[in-house]
Amino acid sequence: MATRLYTHPIFLEHLTPPGHPERPDRLRAIERVLDDEAFSALDRVKAPEGDEKTILYAHPEDFVERVRAAIPENGIVSIDADTSASPKSWQAAVTAIGGANAAVDDVFEGRAANVFVAARPPGHHAEKSTAMGFCLFNTAAIAARYAQKKHQAERVAIVDWDVHHGNGTQDIFWDDPSVLYCSTHQMPLYPGTGAKSETGAGNIVNAPLAPQTGSDLFRDAFLSRVLPSIDAFAPDLIIISAGFDAHHRDPLAEINLTEDDFDWATGQLMERAGRHSGNRLVSLLEGGYDLQGLAFSVAAHVGRLMKG
Ligand SMILES: [Zn+2]
């Protein structure tokens, strides 16, 4: 079985204001780097249309309808200070969910060794009832609940190495011990949550990193906090909230990882997926705003996924 890659042209049509870091060029940079013949064995599939009903797995209906009503007919509107929507944003967000849920189906039904979903908008800042931080709906949270409802997964682990804390994912699973949420992130930094003391129902594991943290302390956090938590939890599925803004080139944060660190972390999670989850591993793009740092990091991440 091959590594599957979900993309869709609609992801380029979610528009943000000029100069906004979360821009369509991010996906063009990823497409270019994955065009290399080193990735010719990737199983490239267009993300299917998402099922809007699955949004309700993580968000209440009144919030979903608020987002739907905010989508403009023309131009770009602000949802909050740094989150915006354009006419195709709804379709992009729902297709991102379609790709993530299809990836879950693929790993449970044996159609893919593992899956990377290169979608935007990202999702991990979206709380139950708040769109924020470039995110409309929490794609990773929806996919986790989808795995539980459709495939009877009892325990799902979400590992979030985006440089920002995934406040939304933490909010959604705060009192739900069937989902483990582990995050490495810079602190202090937007959105301000993610202290070690935030533990939910014992299912939230935050590993905050000081500005200027490099490879060694990142790997220490993974080895001492993230991986032991996964071992204790023994998930049926691992979902990665794969942001690449902890790369040293990224303009939004001050963590100094290289693409080798993402290669390494990917390998560690694949090993855990093999040990606990029948190799079921789904990776969803979150942040990453320096086009070169993003492209090289995705290449390292996907290249490692392909090594199986
Ligand atoms: Zn981020």
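The structure displayed is predicted, hence computed values, not measured ones. For ligands, and for the atoms within them, numbers begin at 1 and follow the listed sequence.
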Of all the N, O or S atoms in His164, which one sits nearest to the Zn ion (ligand 1)?
ND1
When you draw lines from the Zn ion (ligand 1) to OD1 of Asp162 and to OD2 of Asp245, what angle lies between them, to the nearest 10°?
110°
On the 0 to 90° scale, with breaks at 30° and 60°, tag the [X]-[Y] ring pair as parallel, tilted or perpendicular.
X: Tyr146; Y: His151; result: perpendicular
X: His125; Y: Tyr190; result: perpendicular
X: His301; Y: Phe116; result: perpendicular

Without swapping roles, check the side chain of Arg4 against the backbone of Ala103 for a donor-acceptor pair under 3.5 Å.
no
Using 2.8 Å as a strict upper limit, say whether an N, O or S atom of Glu286 approaches the Zn ion (ligand 1) that closely.
no
